[in-house]
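The chains referred to below are lettered A, B, ... by the order of the sequence lines, with proteins before strands, and numbering in each begins at 1. All of these numbers come straight from a predicted model, not from anything done at the bench.
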There are 2 protein chains.
Amino acid sequence: MSRLHAHKFSVNLNRTMQPAPSPFPTQEEKRAAREAKRAAVLRAAVQMFNERGFHMTSLDDVAARLGISKPTIYHYLGNKDQVLLECVSIGLGQLIEAAEQSRAREGTGADRLIAFLIRYGEVNMDDFGRCVIRTGDEALAPESRERFRALKRQIDTDLRGLIEAAVADGSIAPCDIKLTAFTLAGALNWPARWHEPQGALPGEVIARHLVDILAQGFLPR
Amino acid sequence: MSRLHAHKFSVNLNRTMQPAPSPFPTQEEKRAAREAKRAAVLRAAVQMFNERGFHMTSLDDVAARLGISKPTIYHYLGNKDQVLLECVSIGLGQLIEAAEQSRAREGTGADRLIAFLIRYGEVNMDDFGRCVIRTGDEALAPESRERFRALKRQIDTDLRGLIEAAVADGSIAPCDIKLTAFTLAGALNWPARWHEPQGALPGEVIARHLVDILAQGFLPR
DNA sequence: ATAATTTTTTACGCATGAGTAGATTGCATG
DNA sequence: CATGCAATCTACTCATGCGTAAAAAATTAT
């Protein structure tokens, strides 16, 4: 009651006076509102999963942080497994998108690879990306686990493709594609474990630096 | 009963005829036998934790695999938290030992660093090392968690020390010590997630290869 | 043999947390 | 106005799995 009244009230007082702020939400606005709530649940869930671990976080905990009750979560998502699957799917979606954008880029194969790696590292320091890394397959139900693995395979394939292309155009050194992919991915996954969201250096800076180390190697040139 | 009889019997038939195989175990033999059982529990536990995840593995499951019952585990270890702490402590112990051995080695700083990194990667593909990587701090009770973190800090310190020394003697390129340590560790931790114990390539070969990639970097030289 | 000790078992208590049933409220629509 | 739908809550059920009490079996010592 009080929340909704307060909302209407603040809209009426809004100085910006946008075109006709009708108090009657349209179909689309309602859909968006619902979607926003669903997203808020996922955001709270993923943050708590990252902080305390999936198994140490009950849906009651998540609900409490949002000031709601557990059945409300079930109103937006099927069950705990689905909550987790949704979280990792979002993270993996960001990575897949990064791969697409990198492939569409100008420059050498190395340029595209490096652009992808930086973004890859960055995503892995973000809420949903971190969850992808911190979540072991075993945590998910068999069905979801298969989906999770498929998405991860997709990323791996994308990364290998970028490496192969860069080897092919001579912009990076010839190498074992598979092991190189694992090496680069591993190094850029690990910040999900040690980097804290409010850390001194922003994720992008760290990602750039790590990629530079990976590009140059630690031996003197 | 049957197990112990079989054991005595085989000892008697043993062609090597060691000095006086008395059926009465000495104090030390008893201690060793107990220790062996404790170790067997930990070995079974760590393998199951790695396969199915800590939280998906009940102590009843572990007991079942050993053909014993849960209270027997409690006779050798305090509780589930302690089982896990013991497992990761063993893994981290192996890493600390590796650091000591590497430091005692001949050659340049780079030689010592590389030797350590190879062994580090190897351990992380072994039962206990894998568990170290796959276990999030949150899984442990606060007290054990602090111990776990302290040991991990120790490894990190060791690794940074090796890097600094190698930079100091000019055998590797100048670099940001902290980020380089994280990069190398991350890349060599990751096999704990993808490498399967019975994989085609043995851990040592993979570790060597990864270290080589990290040493050279992916850009052409 | 018998007593003491160690090892192992059976059979529980108990807390936690996933998931659900059903009531309640508010809004929308015929 | 009544009926339906959406969102939310309270108050449960129920399975799982940690940890334990207490007895039984085996082993060692007296």
Next on the checklist: Ring-plane angle category for B:Phe49 and B:Phe54, please: parallel below 30°, perpendicular beyond 60°, tilted otherwise.
Outcome noted: perpendicular

Next on the checklist: By the 4.0 Å heavy-atom rule, please label B:Lys37 as base, sugar-phosphate, or nothing.
Outcome noted: sugar-phosphate

Checklist entry - Considering only heavy atoms and no angle criterion, is a donor-acceptor pair shorter than 3.5 Å present between the side chain of A:Lys70 and the base of C:dG19? => result yes

Checklist entry - What's the CG-P distance between B:Leu77 and C:dT8, to the nearest Å? => result 13 Å

Checklist entry - What do you reckon, is CZ of B:Arg105 surrounded by more than 12 foreign heavy atoms closer than 6.0 Å? => result no

Item to check | N or O in side chain of A:Tyr76 less than 4.0 angstrom from D:dT8 OP1/OP2 | outcome: yes

Checklist entry - By a strict heavy-atom criterion of less than 4.0 Å, which residues belonging to residues 39-60 of chain B are in contact with DNA chain C? => result none

Checklist entry - So does B:Arg34 get a side-chain nitrogen or oxygen closer than 4.0 Å to the phosphate oxygens (OP1/OP2) of C:dT7? => result yes

Item to check | Whole angstrom value for the distance that separates P of D:dG19 from CD of B:Gln82 | outcome: 10 Å

Next on the checklist: Students often get this wrong, so: under 4.0 angstrom with heavy atoms, is B:Thr72 touching a base, only sugar-phosphate, or nothing?
Outcome noted: base

Next on the checklist: As a test of understanding, state which of A:Ile163, A:Thr183, A:Leu214 forms a side-chain contact (heavy atoms from CB on, under 4.5 Å) with B:Phe218.
Outcome noted: A:Leu214

Checklist outcome for this item: In whole angstroms, the gap separating C1' of C:dT7 from CG of B:Leu66 amounts to 15 Å

Checklist outcome for this item: Rounded to whole Å, the CZ-C1' distance (B:Arg31 to C:dT6) equals 16 Å

Checklist outcome for this item: Sorted by chain and number, sequence neighbours left out, salt bridge (Lys or Arg N to Asp or Glu O under 4.0 Å) with B:Arg31 holds for none

Next on the checklist: Using 30° and 60° as the class boundaries, would you call the ring planes of A:Trp190 and B:Trp190 parallel, tilted or perpendicular?
Outcome noted: perpendicular

Next on the checklist: Distance criterion of 3.5 Å, no angle test: do you see the side chain of A:Lys80 paired donor-to-acceptor with the base of C:dG17?
Outcome noted: no

Item to check | Side-chain ion pair, B:Glu122 and B:Arg119, N-O less than 4.0 Å | outcome: yes

Next on the checklist: What is the distance, to the nearest angstrom, from the CZ atom on B:Arg38 to the P atom on C:dT6?
Outcome noted: 17 Å

Checklist outcome for this item: Between CD1 of A:Ile73 and P of D:dA7 the distance, given in whole Å, is 15 Å

Next on the checklist: So, using side chain to side chain contact (heavy atoms under 4.5 Å, CB included) as the criterion, who are the partners of B:Asp137 when residues are at least two apart?
Outcome noted: B:Arg145, B:Phe148, B:Arg149, B:Lys152

Next on the checklist: Tell me the interatomic distance from B:His75, atom NE2, to C:dT10, atom P, rounded to whole angstroms.
Outcome noted: 16 Å

